[in-house]
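This report refers to the structure that appears directly beneath it.
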Amino acid sequence: MYQSSDFSFSPSSLFSAYASLTGFLMLFRSILQDFIPVKLRSYFSHLLDGFFTPKSKNITVVIDENFRLKRNQVFDAAEMYLRNRIGPDTERLRVGKTPKQKHFTITIEKGEAIIDSFEDSEVRWSYCQSENEKGDKVKRYYELTFEKKLREKVMDSYLSHVVAESEGIKHSLRAVKLYSRDVHARDDDDGMVDRNYWGCINLEHPSTFDTLAMDPNAKKKIIDDLERFLKRKEFYKRVGKAWKRGYLLYGPPGTGKTSLIAAMANYLKFDVFDLELSTIYDNGELKRVLLSTTNRSILVIEDIDCNAEVRDRGADHESQEDDYEYQEVKNRNGKVTLSGILNFIDGLWSSFGDERIIVFTTNHKERLDPALLRPGRMDVHINMSYCTGLGFRTLVSNYLGLDGVNHPLCEEIEALIDSTEVTPAELAEELMQDDDTDVVLRGVVSFVEKRKVERSDTSKEVSICKVTDDDDDEKQIGSLDYVKKKKRKSGKQKAKPKGQDQYSKMVYADGLTESRKSFN
């Protein structure tokens, strides 16, 4: 028995008081049911439950699959993020894979939970799925539970961390897409671009910088240039330039221009938009096509010299008058003009979107109009030249699986390759002729020696023809036709743009880096 100076309690008195209180509550509930309306009764019941039930220290945030009739970015981010947080304690998982996916998709099943840590704090993720009476899925959502004291940290930092991490995971797993106007829109399974202009397939090209038969130093400098471009978002904004980069790949056919584009796309995980100018009706359509592309993409215009609009106007037309008339006819016929192409590359419309790379390819750089070659349009000029001895080592490693330095025939082949002109594509074809390494390499020796003789004979023929032309010119001196002919030749030579000689393997032409920096 507990005693004090004022009160004394016995077990029997406590039991009596508890019985009285219980009776009062039962009587009160009976009165509520008989005389109080249902809504008011529910209010009192909720009030009493809240009074006797201790308050929770946690808070739960519901993240629905859809938000305001659109896909919820936070839900998708959580689904991607939690794939890398599944631990050995998880009992039920859901696994799936589409025909075009390279990896399995693994997610947690309904009712499963994952505990995650962030800045010395723990949160709990639960996957939930509501169903109707027929058992059909109605709604999917995640519940994120954490202590109330962590509310500010979760809302301000943690959810942003989840979104950022999911973007990185998505970027590493995504398949690079190849978009073309020749692919039917129904074949486009991406849904990220305008279906009126582009269809897409997965870019399955296996080319990488490791497999490219290029000079190792040139490859490294291209990679460094791409990395520097990716990190310069704020720099481009500060100097007032659109966040884009233009590359010109020029050189003979078979030197790996397309393979380099594929290597760039696979390295950056950028989608590729393959555009043929011949399929564009006019300048307006060219703008609409540009607006239909996405960020973080490579726009490719191959064989740009095949379009008459971009050729050197001074070399193709004998006078400005003829050039003006030529442009007027083109405008009336609704064709793409040089002005439209230039505005497409670096005009106001080119500032649409971020992180864009434009790649032009040509077999004849000297044919291009000088206006296309200036900084801001084709920032980096890469000469895709004939194969070198170092490039051949890469081919030997790729096709034969051996180190070219250790094979006695490779040194001889490298010396022959450095003294003649042979493309990587030609050498690759020779390396596929047999399964026996020695047989293949002896075949390469024969091929390169034959090519060297052919090149030498061709050079002699050119020299003989040149001497013959000079003799013919001397016989024609004094004739009016000869004078006109020489003037036309002289005019074309003067109109030839400066700086188009093959002075280096790669040239920077923009103001952001060293002007005309050589890749020697």
What closest approach, in Å, do R377 and A371 show between heavy atoms, and which atom pair accounts for it? NH1-O, 2.5 Å

So, are D215 and K219 salt-bridged, with charged N and O less than 4.0 Å apart? no

E302 and T258: CA distance, side-chain angles, deciding distance, side-chain hydrogen bond (donor to acceptor under 3.5 Å, both in side chains) verdict: CA-CA 9 Å; E302 293 195 271; T258 301; 3.1 Å; yes

Quick one: pull up CD1 in I413 and CG in L427 and give me the separation to the nearest 0.5 Å. 8.5 Å

Apply side chain to side chain contact (heavy atoms under 4.5 Å, CB included) to residues L82 and Y127 and explain how you reach the verdict. CA-CA 10 Å; L82 293 176; Y127 173 69; over 6 Å; no

List in chain and number order the residues that pass side-chain contact (heavy atoms from CB on, under 4.5 Å) with E165, two or more places apart in sequence or in another chain; answer none if no residue qualifies. Y81, R85, H161

Nearest 0.5 Å, please: how far is CE in M432 from OH in Y399? 6.0 Å

pair E91-E109: side-chain heavy atoms closer than 4.5 Å: no

How long is the straight-line distance from CH2 of W243 back to CD1 of I357, given to the nearest 0.5 Å? 10.0 Å

Does a sphere of radius 6.0 Å around CE in M155 hold more than 12 heavy atoms from other residues, nucleotides or ligands, not counting ones at 6.0 Å or beyond? yes

Once rounded to the nearest 0.5 Å, what's the spacing between atom CZ of R83 and atom CD1 of I169? 8.5 Å

With side chains defined as the heavy atoms from C-beta onward, is the minimum distance between R245 and Y236 less than 4.5 Å? yes

With no hydrogens and no angle check, is any side-chain donor or acceptor of T394 less than 3.5 Å from a backbone partner on A213? no

Can you list the steps and then say if N72 with Y141 is a side-chain hydrogen bond (donor to acceptor under 3.5 Å, both in side chains)? CA-CA 10 Å; N72 189 351; Y141 58 94; over 6 Å; no

Under the criterion side chain to side chain contact (heavy atoms under 4.5 Å, CB included), which of L299, L249, I304 is the partner of F360? I304

If you round to the nearest 0.5 Å, how far is CD of E430 from CD of E426? 8.5 Å

Taking 4.0 angstrom as the limit, do K221 and D224 come out as a salt bridge? no

Taking the side chain as C-beta and beyond, is there a heavy-atom pair between L248 and L368 under 4.5 Å? yes

Could you tell me whether the side chain of L277 reaches within less than 4.5 Å of the side chain of I301, counting heavy atoms only? yes

For atom CG of D156, is the number of surrounding heavy atoms from other residues, nucleotides or ligands below 6.0 Å larger than 12? yes

For a salt bridge (Lys or Arg N to Asp or Glu O under 4.0 Å) check, start with the C-alpha distance between R393 and E414, then their side-chain angles and the critical distance, and finish with the verdict. CA-CA 8 Å; R393 291 184 186 180; E414 290 176 16; 3.0 Å; yes

Please examine the side chains of V272 and S297, heavy atoms only from C-beta on, and report whether any two atoms are closer than 4.5 Å. no

Cationic N near anionic O, under 4.0 Å, R140 to E79: yes

Could you go through the salt bridge (Lys or Arg N to Asp or Glu O under 4.0 Å) check for R296 and E355 one step at a time? CA-CA 5 Å; R296 299 181 64 82; E355 228 168 343; 2.7 Å; yes

Decide, yes or no, whether a salt bridge links K170 with E167 under the criterion of side-chain N to carboxylate O below 4.0 Å. yes

Does E119, at its CD atom, have more than 12 non-hydrogen atoms belonging to other residues, nucleotides or ligands within less than 6.0 Å? yes

Starting from the C-alpha separation in whole Å, work towards a yes-or-no answer on side chain to side chain contact (heavy atoms under 4.5 Å, CB included) for I115 and W125. CA-CA 6 Å; I115 305 298; W125 289 92; over 6 Å; no

Please check: side-chain N/O of D282 versus main-chain N/O of E285, any donor-acceptor pairing under 3.5 Å? yes

Give the intermediate values and the outcome of side-chain hydrogen bond (donor to acceptor under 3.5 Å, both in side chains) for residues K365 and N383. CA-CA 9 Å; K365 178 184 175 183; N383 182 9; over 6 Å; no

Which of parallel (below 30°), tilted (30 to 60°) and perpendicular (above 60°) describes Y267 and F209? perpendicular

Test item: L230 and L268 side chains (from C-beta on) under 4.5 Å apart, heavy atoms: yes

T294 backbone acceptor or donor facing R356 side chain under 3.5 Å: yes

Show, in sequence, the C-alpha distance, side-chain angles and deciding distance for R181 and I280, and conclude whether the side chain to side chain contact (heavy atoms under 4.5 Å, CB included) test is met. CA-CA 10 Å; R181 289 163 58 83; I280 306 297; 4.0 Å; yes

Please answer whether the main-chain N or O of T362 pairs with a side-chain N or O of D303 as donor and acceptor at a distance below 3.5 Å. no

To the nearest 0.5 Å, tell me how far E366 CD sits from Y250 OH. 10.0 Å

Are Y142 and D64 close enough that a side-chain donor and a side-chain acceptor fall under 3.5 Å? no

Could you check if a side-chain atom of I108 sits within less than 4.5 angstrom of a side-chain atom of R92, using non-hydrogen atoms only? no

Close side-chain approach of L441 to L400, heavy-atom, < 4.5 Å: yes

Verify side-chain hydrogen bond (donor to acceptor under 3.5 Å, both in side chains) between T105 and R94, making sure each step is shown before the conclusion. CA-CA 8 Å; T105 299; R94 184 181 295 274; over 6 Å; no

Taking atom NZ of K110 as the centre, does the number of heavy atoms from other residues, nucleotides or ligands within less than 6.0 Å exceed 12? yes

Exercise: identify the closest heavy-atom pair between T211 and N398: O-ND2, 2.9 Å

If you compare all heavy atoms of L159 against all heavy atoms of L144, which two are closest, and at what distance to 0.1 Å? CD2-CD2, 4.0 Å

Residues N266 and P206: closest non-hydrogen pair is ND2-C, 4.3 Å

Distance-minimising heavy-atom pair for K452 and S419: NZ-OG, 3.2 Å

Do the rings of Y179 and F273 sit parallel, tilted or perpendicular, given the 30° and 60° boundaries? parallel

Test K70 against E65 for salt bridge (Lys or Arg N to Asp or Glu O under 4.0 Å), laying out the working first. CA-CA 9 Å; K70 293 184 179 181; E65 185 175 12; over 6 Å; no

Whether the side chain of E429 engages the backbone of A425 through a donor-acceptor N/O pair (distance < 3.5 Å, no angle test) should be reported. no

Among E454, R451, K450, which residue satisfies the side chain to side chain contact (heavy atoms under 4.5 Å, CB included) criterion with T420? R451

Got a sec: does the CZ of R71 have more than 12 other heavy atoms crowding it under 6.0 Å? yes

Would you say S166's side chain and M80's backbone share a donor-acceptor pair under 3.5 angstrom? no

Do R124 and S126 have side-chain atoms, one donor and one acceptor, less than 3.5 Å apart? yes

Heavy-atom closest pair, residues D274 and W198: O-CZ3, 3.6 Å

